[in-house]
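Reading through the structure tokens given below for one structure.
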Protein chains: 2
Amino acid sequence: MNFSISEEDYIKAIYHLKGDKLSVATNDLAAELHTRPASVTDMLKKLAAKKLIHYQPYKGVMLNTEGRKIALGIVRRHRLWEYFLAEKLNFSWNEVHEVAEQLEHISSKKLIEKLDEYLGYPKFDPHGDPIPDHLGRMQATDHLPLTELPLDTPAVVNGVSDQSPEMLELLRRRNIAIGTVLEVKKKFGFDHSMEIKIKDTPVFIITEQLAQNIFVQYES
Amino acid sequence: MNFSISEEDYIKAIYHLKGDKLSVATNDLAAELHTRPASVTDMLKKLAAKKLIHYQPYKGVMLNTEGRKIALGIVRRHRLWEYFLAEKLNFSWNEVHEVAEQLEHISSKKLIEKLDEYLGYPKFDPHGDPIPDHLGRMQATDHLPLTELPLDTPAVVNGVSDQSPEMLELLRRRNIAIGTVLEVKKKFGFDHSMEIKIKDTPVFIITEQLAQNIFVQYES
DNA sequence: TTAATATTTTAGACAAACCTAAAAAAAGTT
DNA sequence: AACTTTTTTTAGGTTTGTCTAAAATATTAA
């Protein structure tokens with residue numbers, strides 16, 4: 001089976017919005033895809049007819065096994081291309097997402113397998129997100145939000161949840177990237193902002209909002 | 001200006017079918033694009049409205065300066081991707097075309113410039129066709145059809161005009177590739193087939209039809 | 001130069017993916 | 001529980017790119 005770009009965009013959006021919720025709301029999909037709720041309903045009916053989702057009117061939507069398989073394929077293509085763009089073409093990590101959005105829709109199986117081989121079967125993309133292998137399996141990651149890291153405990157940045165150019169720009173300015181080792185020196189109760197220390201550089205302050213979107217793991 | 005995949009396919013087809021003819025016929029476009037003449041007429045009106053072609057009803061179509069610029073951009077993307085697939089991902093030259101048909105529609109200017117740089121600014125794709133540079137300029141090639149090569153004169157294969165998998169398969173079987181040195185030993189008047197000799201291998205026969213689609217240059 | 005044939009265009013439809021406005025259902029509030 | 005607000009769906013349109021069938025134009029042949 002082959003899917004249109006729109007169908008793939010919906011499947012991917014359902015996959016991403018699902019998280020650990022029970023199901024995804026029509027309105028949330030509309031917001032994510034910059035479209036209208038009525039359009040989402042139309043497409044959900046189509047995807048249900050193709051047996052890729054479990055959909056009951058007014059009750060939200062979730063992927064079924066087949067849909068999840070498709071979603072993982074799209075995610076795999078997206079993240080492999082991101083890796084290619086960053087690693088081979090020297091795109092900076094805040095530029096890769098947009099181009100990968102287009103490349104991910106190219107469906108040649110052979111292309112993706114050859115690309116994967118060429119890249120050396122990478123396990124993570126430039127944002128720290130795991131890349132599904134050709135069977136849809138991916139490395140488990142323990143993503144601790146920076147907000148929950150105890151004080152004075154060195155940890156390694158291993159992911160960011162939001163990939164908007166604005167946020168990635170902000171991280172770049174603070175010299176925070178995947179692999180950066182940092183620790184939290186102080187938390188301010190008033191606005192929940194926190195003081196961050198990166199080795200050999202002066203401390204600086206980040207907002208709670210930013211901290212929530214940075215994931216770390218303890219140094220091993 | 002940004003163009004749809006369909007629009008780009010039409011522009012590319014007009015570019016390729018034009019050759020040294022005065023204009024391109026509606027029927028020929030329909031055949032090339034696997035669509036119907038009526039659909040072609042519709043699209044020609046649209047492209048004319050966008051000022052990319054010169055089109056007069058019943059009189060055929062040609063690209064104007066702007067259209068030719070767009071076409072060269074598409075050809076550039078196509079051939080760069082072909083080069084990438086063959087050179088980096090180890091696709092064989094008869095597999096690259098189909099995938100490049102999809103990749104060529106990804107429009108990021110930055111992607112193509114970075115790719116070009118990464119590949120080392122190649123001048124020819126795996127089929128021997130010249131790759132336009134970022135200004136649309138390409139290396140002049142003297143493409144002598146094999147049918148016009150004099151007897152017993154060594155020459156280098158520098159291109160093929162038809163890129164159907166069938167033909168490329170045939171060439172592969174005959175060990176003919178870009179760069180192969182060969183000479184014509186004999187021409188048979190009856191069916192215009194010809195006897196070909198590649199150094200250190202036995203002579204073999206090829207049809208006139210195949211010979212017309214193989215281009216060579218004299219050894220330098 | 002008229003008739004036959006081939007090519008091209010027009011007219012009217014259709015599917016995919018979107019839209020707005022209104023109706024229906026669910027959730028939240030008093 | 002009844003009312004209000006929010007969410008979601010339905011109904012009916014629009015645009016893009018396609019189609020078939022019929023009409024118009026151009027080309028070829030007698």
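The chains referred to below are lettered A, B, ... by the order of the sequence lines, with proteins before strands, and numbering in each begins at 1.
By the neighbour-count criterion of 12 heavy atoms within 6.0 Å, atom CD of Gln209(B) is sparsely surrounded, having that number or fewer from other residues, nucleotides or ligands. Atom CD of Glu169(B) is surrounded by more than 12 heavy atoms from other residues, nucleotides or ligands within 6.0 Å.
Among all heavy-atom pairs drawn from Ala211(A) and Thr147(A), the shortest one is CB-CG2, 3.7 Å. Between Lys186(B) and Phe188(B) the shortest heavy-atom distance is CE-CE2, 3.9 Å.
The residue among Pro57(A) and Glu7(A) whose nearest nucleotide of DNA chain C is located toward the 5' end is Glu7(A).
Considering Asp133(B), Asp116(B), Asp129(B) in turn, Asp116(B) is the only one that fulfils the salt bridge (charged side-chain N to carboxylate O under 4.0 Å, His left out) rule with Arg76(B). A side chain to side chain contact (heavy atoms under 4.5 Å, CB included) with Leu80(B) is found for exactly one of Leu119(B), Asp125(B), Val75(B), namely Leu119(B).
As a whole-Å value, the separation of Asp28(B) CG from dT8(C) P is 7 Å. Computed from coordinates, the Lys59(A) NZ to dA24(C) C1' distance equals 14 Å when rounded to whole Å. Straight-line distance from the CG atom of Leu44(B) to the P atom of dT9(C): 7 Å, rounded to whole Å. Per the geometry, CG belonging to Leu47(B) stands 13 Å off P belonging to dT16(D), to the nearest Å.
Separation of the Tyr83(A) and Tyr121(A) ring centroids does not fall under the 6.0 Å cut-off.
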Can you name the atoms? Protein N/O to nucleotides 18-21 of chain C N/O, anything below 3.5 Å, with the distance.
unit_1: dC18(C); atom_1: OP1; unit_2: Ser6(A); atom_2: OG; d: 3.3
unit_1: dC18(C); atom_1: OP2; unit_2: Tyr10(A); atom_2: OH; d: 3.4
unit_1: dC18(C); atom_1: N4; unit_2: Asp42(A); atom_2: OD2; d: 3.1
unit_1: dC19(C); atom_1: OP2; unit_2: Thr35(A); atom_2: OG1; d: 2.6
unit_1: dC19(C); atom_1: OP2; unit_2: Arg36(A); atom_2: N; d: 3.0
unit_1: dC19(C); atom_1: OP2; unit_2: Ser39(A); atom_2: OG; d: 2.6
unit_1: dT20(C); atom_1: OP2; unit_2: Arg36(A); atom_2: NE; d: 3.4

Tabulate below the donor-acceptor pairs under 3.5 Å that side-chain atoms of residues 25-40 of chain A make, not counting sequence neighbours, or state none.
none

Sequence-aligned protein contact record of nucleotides 2-7 of chain D, with B where the base is within under 4.0 Å of a protein heavy atom and S where only the sugar-phosphate is: -----S
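Under 4.0 angstrom from either OP1 or OP2 of dT10(C) there lies at least one side-chain N or O belonging to Lys45(B).
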